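Note sheet for the following structure.
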2 protein chains.
Amino acid sequence: MNANPSEAAVQAWARLVRVSGALLDAVEAELKAAGFPALAWYDALLELSRAPEGRLRPFELERHMLLPQYSTSRLIDRLEKAGLAERLGCPNDGRGQHVAITEAGRALRERMWPAYAAAIERHVGSKIGCSDAEKLAELLGRLSGAASDGTLCGGAAVARV
Amino acid sequence: MNANPSEAAVQAWARLVRVSGALLDAVEAELKAAGFPALAWYDALLELSRAPEGRLRPFELERHMLLPQYSTSRLIDRLEKAGLAERLGCPNDGRGQHVAITEAGRALRERMWPAYAAAIERHVGSKIGCSDAEKLAELLGRLSGAASDGTLCGGAAVARV
DNA sequence: TGCGGGTTCATGCAGATGCATTCAATTAAG
DNA sequence: CTTAATTGAATGCATCTGCATGAACCCGCA
């Protein structure tokens with residue numbers, strides 16, 4: 001149980017760290033350059049927009065996004081301040097609340113998707129074939145505890161190539 | 001040139017972001033739990049220790065680590081404050097300097113490697129076979145602009161399984 | 001009813017990051 | 001030589017993060 005990693009594992013890890021960081025930076029930069037907020041906002045808006053009635057409890061959002069609790073709390077602060085989401089009281093649970101996406105929030109997410117999709121295409125799609133992308137996703141999935149992840153886009157916006 | 005990404009590309013991207021984030025968090029947490037500094041420090045110490053005479057120009061370190069300039073400058077600040085590296089003047093170029101790893105820096109990096117390796121094994125090696133790890137590294141490499149990355153460990157510390 | 005333990009969420013504070021700017025030295029141009 | 005453009009590095013300021021803590025509430029139990 002205390003075995004050392006194989007060279008292949010170390011190499012895979014090194015690339016994972018490096019490449020994911022570089023791509024994340026690049027994609028975030030494209031979003032920012034297009035005048036949009038950061039990826040975390042997109043993810044949060046997407047989670048909310050997909051949830052029934054467009055609302056989630058903060059702790060649910062937290063688990064979907066794999067974020068620390070305080071980080072979620074503050075993300076909600078900012079979304080609320082920007083008018084993209086709102087906090088609503090929670091009738092069943094006095095300490096809790098619901099976070100609901102606003103119309104402005106839905107609209108922003110939809111406007112962001114084309115830019116986001118273009119960035120994904122530029123930095124991933126164009127560099128790797130379709131079947132290789134599937135293989136990559138499968139290998140990555142094997143590394144993940146069990147994190148299920150859906151699509152990145154809400155509705156009909158995914159135009160196939 | 002404005003094509004939309006395939007679903008496979010989107011899925012690969014989504015997993016890449018999610019899994020790399022989760023693994024990075026997990027590995028960093030293990031290092032921290034073992035009383036060690038963050039991964040960025042390890043990387044910097046490794047880069048320095050591999051460089052000829054154990055020194056690099058800050059802008060070189062910056063490029064190796066894919067970090068913004070100010071971030072490198074401050075990382076060096078902290079390494080220096082911790083006695084792990086030192087800034088030396090640069091004779092040929094008056095505005096520049098050299099950053100040299102200290103003995104304490106080398107020693108720390110060597111002490112960190114076993115903990116780091118164990119974390120890599122736990123979160124990567126144990127979940128994926130050797131040939132799959134190679135495949136993963138290859139696919140990731142195809143996504144990277146051209147970022148060459150060596151091994152994660154300096155010297156003889158890589159004991160094969 | 002009242003107490004103890006667990007959940008949900010917010011926040012004060014220190015440290016880290018991003019951004020723009022500044023300074024100084026080198027190189028290039030006229 | 002003088003001036004301008006470029007490169008290497010640091011820093012002030014606002015924002016963001018991590019960590020610890022605290023407040024409000026839920027539940028189970030005697």
Side-chain angles (χ1 to χ4, degrees), chain A residues 21-22 24-33 35-44 47-48 51 55-82 85-100, chain B residues 21-22 24-44 47-48 51 55-82 84-100:
Chain A
L24 227 14
D25 286 352
V27 170
E28 290 253 25
E30 280 194 37
L31 280 186
K32 184 157 306 184
F36 289 124
L39 263 185
W41 288 38
Y42 183 90
D43 288 340
E47 292 293 343
L48 290 176
R55 65 179 59 184
L56 284 173
R57 300 283 303 267
F59 76 92
E60 295 176 302
L61 185 59
E62 170 190 337
R63 283 163 202 174
H64 283 310
M65 299 187 62
L66 304 180
L67 243 43
Q69 181 269 322
Y70 54 81
S71 188
T72 309
S73 175
R74 281 161 173 158
L75 178 55
I76 297 170
D77 280 351
R78 285 168 237 147
L79 291 177
E80 191 172 36
K81 201 157 301 175
E86 49 187 349
R87 290 187 224 245
L88 309 171
C90 183
N92 341 352
D93 191 335
R95 69 213 145 148
Q97 36 178 308
H98 288 282
V99 182
Chain B
L24 225 16
D25 286 352
V27 170
E28 290 253 26
E30 280 194 37
L31 280 185
K32 184 158 306 183
F36 289 124
L39 263 185
W41 288 38
Y42 183 89
D43 287 340
E47 292 294 342
L48 290 176
R55 66 179 59 185
L56 284 174
R57 301 283 303 265
F59 75 92
E60 295 176 302
L61 185 58
E62 170 191 336
R63 282 161 202 175
H64 284 310
M65 299 187 64
L66 304 181
L67 244 40
Q69 181 269 323
Y70 54 82
S71 188
T72 309
S73 176
R74 281 159 172 160
L75 178 55
I76 296 171
D77 280 350
R78 286 169 239 145
L79 291 177
E80 190 171 38
K81 202 157 302 175
L84 303 172
E86 50 188 348
R87 290 187 224 245
L88 309 170
C90 184
N92 343 352
D93 190 335
R95 69 213 147 152
Q97 38 179 308
H98 288 282
V99 182

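So that the names make sense, note that chain A is the first sequence line, chain B the second, and so on, each numbered from 1. This structure is a prediction, so every number in the text was calculated from the model and none was measured.
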Just to verify, what does [X] make a side-chain hydrogen bond (donor to acceptor under 3.5 Å, both in side chains) with, not counting sequence neighbours?
X: A:E62; answer: none
X: A:Q97; answer: none
X: B:E28; answer: none

Restricting to side chain to side chain contact (heavy atoms under 4.5 Å, CB included), what partner residues turn up for [X], sequence neighbours left out?
X: B:D93; value: B:R57, B:C90, B:R95
X: A:E47; value: A:R50, A:L56, A:L61, A:H64, A:M65
X: B:A82; value: B:W41, B:L84
X: B:A100; value: B:R55, B:E86, B:L88

Whole Å only: how far is the [atom1] atom of [X] from the [atom2] atom of [N]?
X: A:L66; N: D:dG18; atom1: CG; atom2: C1'; value: 17 Å
X: B:L24; N: D:dT17; atom1: CG; atom2: P; value: 15 Å
X: B:L75; N: D:dA10; atom1: CG; atom2: P; value: 12 Å
X: A:K81; N: D:dC16; atom1: NZ; atom2: P; value: 9 Å

- Query: Could you give the start and end, 5' to 3', of the contact zone on DNA chain C for chain A, using atoms under 4.0 Å from its heavy atoms?
  - Reply: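 Extent of the interface on DNA chain C: C:dG6 to C:dC19.
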
- Query: Does anything in residues 88-100 of chain B reach DNA chain D, meaning a heavy atom under 4.0 Å, and if so which residues?
  - Reply: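 Within this stretch, B:R95, B:G96, B:Q97 sit under 4.0 Å of the strand.
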
[atom1]/[X] to [atom2]/[Y] distance, rounded to the nearest 0.5 angstrom?
X: B:L48; Y: B:E60; atom1: CG; atom2: CD; value: 10.0 Å
X: A:L79; Y: A:L75; atom1: CG; atom2: CG; value: 4.5 Å
X: B:Q69; Y: B:R63; atom1: CD; atom2: CZ; value: 10.5 Å

- Exercise: identify the closest heavy-atom pair between A:P91 and A:G89: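 Residues A:P91 and A:G89, closest heavy atoms: CD-O, 3.7 Å.
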
Atom pairs under 3.5 Å: protein N/O with N/O of nucleotides 19-23 of chain D:
unit_1	atom_1	unit_2	atom_2	d
D:dC19	OP1	B:K32	NZ	3.4

- Item | Inter- and intrachain pairs under salt bridge (Lys or Arg N to Asp or Glu O under 4.0 Å), touching residues 31-40 of chain B, at least two apart |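 Sorted result for residues 31-40 of chain B: empty, none.
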
- Query: Which dot-bracket notation, 5' to 3', represents the base pairing of DNA chain C when pairs are defined as Watson-Crick or G-U with both distances under 3.5 Å, crossing pairs as [ ], and inter-strand pairs as |?
  - Reply: ||||||||||||||||||||||||||||||

- Message: Any non-hydrogen side-chain atom of B:P58 less than 4.5 Å from a side-chain atom of B:I76?
- Response: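 B:P58 reaches B:I76 side chain to side chain.
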
- Task: Identify, between A:T72 and B:R78, the residue whose nearest nucleotide on DNA chain C lies closer to the 5' end.
- Result: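 The residue closer to the strand's 5' end, by nearest nucleotide, is A:T72.
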
- Does B:S73 put a side-chain nitrogen or oxygen below 4.0 Å from OP1 or OP2 of D:dA9?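 For D:dA9, neither OP1 nor OP2 has a side-chain N or O of B:S73 closer than 4.0 Å.
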
